[in-house]
Amino acid sequence: MRNTANDMTPFIGFIGAGNMASSLLAGLVQQGVPGTQLGATDPDPDKRASVARIDGLLATADNATIARRADVLVLAVKPQALEAACRSLTDALSGREPVIVSIAAGITTTTLTRWFGRELALVRAMPNTPAMLGLGATGLFATEKVTDAQRGVADQLFRGVGKAFWLESEADLDLVTALSGSGPAYFFLFMEALVDGARELGMPVELARALTLQTAVGAAHMAQDSGQALSELRRQVTSPGGTTEQGLKVMEREGMRRIAREVLMAARARAAELAHELGDGSDAR
Ligand SMILES: NC(=O)c1ccc[n+]([C@@H]2O[C@H](COP(=O)([O-])OP(=O)(O)OC[C@H]3O[C@@H](n4cnc5c(N)ncnc54)[C@H](OP(=O)(O)O)[C@@H]3O)[C@@H](O)[C@H]2O)c1
């Protein structure tokens with residue numbers, strides 16, 4: 001697991017230095033990982049220059065340089081670019097046993113194993129966009145070859161950008177994709193609908209937006225900090241015969257719970273379909 005360098009921190013290398021890699025690198029630095037134990041590759045000189053602002057970080061256009069050195073190799077390219085990236089790494093990884101962490105949506109460990117041409121220690125991660133702000137929610141799955149130490153580093157990688165949750169089964173990543181991966185958009189739509197509704201009822205749009213956002217932030221904080229069941233929190237703000245009760249009655253009558261379940265089922269089905277389109281997910285589940 002350890003790099004040969006004197007430093008006992010493993011060397012963490014990124015293939016692709018785009019949005020997600022930049023956020024994960026920032027999270028690692030914030031947790032005290034020294035820049036000398038970090039590396040990133042990207043064909044774009046501007047992206048290399050951007051991550052090279054981390055003191056000591058090794059930025060290069062050559063994937064093999066990073067693959068030869070990394071104890072933890074993070075695949076942070078778009079799913080469509082992943083096959084070429086994996087195949088380009090096989091020679092450099094020959095005789096080495098790093099843990100490979102893939103954040104590409106829909107690419108299964110079976111597909112990754114085929115592209116690498118041998119069985120490696122693999123972690124699949126499904127982060128979401130709030131990771132850019134350090135408020136991400138990430139689902140993680142590890143293959144049997146992944147050691148406890150390697151799990152620890154993968155965990156650290158995603159705790160640096162929010163919260164991380166380990167899954168027992170790889171197929172569960174499809175539901176994570178549907179819930180937290182796509183989830184920000186569901187909340188955006190609901191907030192958009194509240195803002196539009198308030199505007200149509202006569203409120204200036206800026207005020208409606210500000211009230212909606214602050215209410216969403218406040219409700220999420222209350223739910224997270226109180227540790228109470230969501231249903232209990234809802235009951236506490238619902239006085240009998242009051243305004244909230246009337247609003248909630250409409251949500252229940254119009255099928256809010258059924259909509260949520262159908263939204264998840266549709267998104268999960270699409271995640272499974274994408275696995276087939278992007279690689280060969282059929283034999284991973
Ligand atoms: N952004 C998110 O919130 C989010 C959430 C969940 C999962 N993910 C996953 O995270 C991955 C990265 O997303 P992103 O938003 O960070 O993408 P991004 O900003 O496009 O970054 C990917 C970078 O990798 C570079 N690249 C492409 N092929 C490469 C290769 N063979 N070797 C080295 N670098 C290569 C790309 O360069 P070019 O632009 O020149 O091709 C680009 O700079 C994706 O698989 C995505 O599914 C992202």
Side-chain angles (χ1 to χ4, degrees), residues 12-28 38-53 57-70 73-93 100-109 111-112 115-116 122-141 154 157-158 160-165 167 173-188 267-268 270-275 277-279 281:
I12 306 175
F14 287 77
I15 304 298
N19 295 315
M20 211 20 109
S22 302
S23 299
L24 292 169
L25 281 165
L28 289 168
L38 298 172
T41 76
D42 203 286
D44 182 345
D46 290 342
K47 290 194 179 132
R48 292 201 299 276
S50 174
V51 292
R53 286 201 296 256
L57 180 143
L58 172 61
T60 168
D62 181 30
N63 288 349
T65 301
I66 295 294
R68 273 195 290 269
R69 205 166 150 201
L73 191 60
V74 185
L75 306 175
V77 303
K78 294 275 188 219
Q80 295 75 6
L82 194 55
E83 179 171 6
C86 290
R87 295 196 190 278
S88 79
L89 295 169
T90 51
D91 284 351
L93 289 176
I100 312 286
V101 179
S102 167
I103 58 174
I107 310 284
T108 64
T109 57
T111 299
L112 288 169
W115 288 346
F116 279 114
L122 298 172
V123 170
R124 259 186 81 191
M126 185 61 215
N128 63 3
T129 44
M132 310 282 179
L133 309 173
L135 293 169
T138 302
L140 291 163
F141 169 77
L157 191 58
F158 294 98
V161 291
K163 297 193 173 184
F165 306 90
L167 307 168
L173 274 174
D174 289 342
L175 188 51
V176 169
T177 305
L179 179 58
S180 51
S182 304
Y186 311 151
F187 286 96
F188 293 145
R268 181 179 63 176
R270 182 61 186 142
E273 260 172 33
L274 281 172
E277 285 172 24
L278 294 166

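Every value quoted in this text rests on a predicted model; they were computed, and no experiment measured them. Atoms within each ligand, like the ligands themselves, are counted from 1 in listed order. One is the number of the first residue; the rest follow in order along the sequence.
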For this session: Check whether any N or O atom of Pro127, backbone or side chain, sits under 3.5 Å from an N or O atom of ligand 1, and answer yes or no.
Result: no
For this session: Any chance you could measure Leu274, atom CG, to Asp174, atom CG, to the nearest 0.5 Å?
Result: 9.0 Å
For this session: Can you sort out which atoms of ligand 1 are near Thr129, meaning under 4.0 Å from one of its heavy atoms?
Result: 2 (C), 3 (O)
Problem set entry | Which of the ligand 1 atoms, numbered from 1, are nearer than 4.0 Å to a heavy atom of Pro79 | 44 (C), 45 (O), 47 (O)
Problem set entry | Taking atom 41 (O) of ligand 1 as the reference point, the nearest protein heavy atom with its distance | Pro43 CG, 5.0 Å
For this session: Taking the side chain as every heavy atom from C-beta outward, state whether Leu58 and Thr65 have any atom pair closer than 4.5 Å.
Result: yes
Exercise. When you measure from atom 2 (C) of ligand 1 to each heavy atom in Met20, Arg48, Glu83, Lys78, which option holds the nearest one?
Worked result: Met20
For this session: Kindly indicate whether the side chain of Pro127, heavy atoms from C-beta on, has any atom under 4.5 Å from the side chain of Val161.
Result: no
Exercise. To which of Ala76, Ser50, Ser180 does the heavy atom nearest atom 12 (C) of ligand 1 belong?
Worked result: Ala76
Problem set entry | Backbone N/O of Asp42 and side chain of Arg48: donor-acceptor pair under 3.5 Å | yes
For this session: Give the atoms of ligand 1, by number and element, whose distance to some non-hydrogen atom of Ala105 is under 4.0 Å.
Result: 47 (O)
For this session: Considering the heavy atoms of Asn19, write down every atom of ligand 1 situated less than 4.0 Å from one of them.
Result: 15 (O), 16 (O), 19 (O)
For this session: Answer yes or no: is there a side-chain heavy-atom contact under 4.5 Å between Val101 and Leu157?
Result: yes
For this session: Name the option, out of Ile103, Thr177, Val74, that contains the heavy atom nearest to atom 7 (C) of ligand 1.
Result: Ile103
For this session: Please identify which atoms of ligand 1 are closer than 4.0 Å to at least one heavy atom of Met132.
Result: 1 (N), 2 (C), 3 (O)
Exercise. Where is the nearest protein heavy atom to atom 29 (C) of ligand 1: which residue, which atom, and how far?
Worked result: Val77 CG1, 3.6 Å
Exercise. Is Asn63 in contact with ligand 1, taking contact as a heavy-atom separation below 4.0 Å?
Worked result: yes
Problem set entry | Winner among Ala40, Ala21, Ala81 once heavy atoms are compared against atom 28 (N) of ligand 1 | Ala81
Problem set entry | Heavy-atom side-chain proximity of Leu73 to Leu89 below 4.5 angstrom | yes
For this session: Taking the side chain as every heavy atom from C-beta outward, state whether Val51 and Phe14 have any pair of such atoms under 4.5 Å apart.
Result: no
Exercise. Can you check whether Cys86's main-chain N or O pairs, donor with acceptor, with Thr90's side chain at less than 3.5 Å?
Worked result: no
Exercise. Does ligand 1 have a heavy atom under 4.0 Å from the side chain of Asp44, from its backbone, from both, or from neither?
Worked result: neither
For this session: Answer whether the closest heavy-atom distance between the side chains of Met20 and Lys78 falls below 4.5 Å.
Result: no
Exercise. Just which atoms of ligand 1 are under 4.0 Å from any heavy atom in Lys47?
Worked result: 39 (O), 42 (C), 43 (O)
Exercise. Is there side-chain contact between Phe141 and Val176, with heavy atoms separated by less than 4.5 Å?
Worked result: no
Problem set entry | Protein heavy-atom partner closest to atom 21 (O) of ligand 1 - residue, atom, separation in Å | Gly18 CA, 3.2 Å
Exercise. Heavy atoms only: which of Gly16, Gly136, Ala85 is nearest to atom 24 (O) of ligand 1?
Worked result: Gly16
Exercise. Does atom 38 (P) of ligand 1 have any protein heavy atom closer than 4.0 Å?
Worked result: no
Problem set entry | Donor-acceptor side-chain pairing of Thr41 and Asn63 below 3.5 angstrom | yes
Problem set entry | Check: Ser182 side chain, Thr177 main-chain N or O, donor-acceptor pair, under 3.5 Å | yes
Exercise. Should you measure from each heavy atom of Ile15, which atoms of ligand 1 turn up under 4.0 Å away?
Worked result: 32 (N), 33 (C)
Seminar exercise, completed: Of all protein heavy atoms, the one nearest atom 36 (C) of ligand 1 is Asp42 OD2, 3.9 Å
Exercise. Mind checking whether Ala84 has a heavy atom under 4.0 Å from ligand 1?
Worked result: no
Exercise. Can you find a pair of side-chain heavy atoms, one from Leu167 and one from Leu175, that are under 4.5 Å apart?
Worked result: no
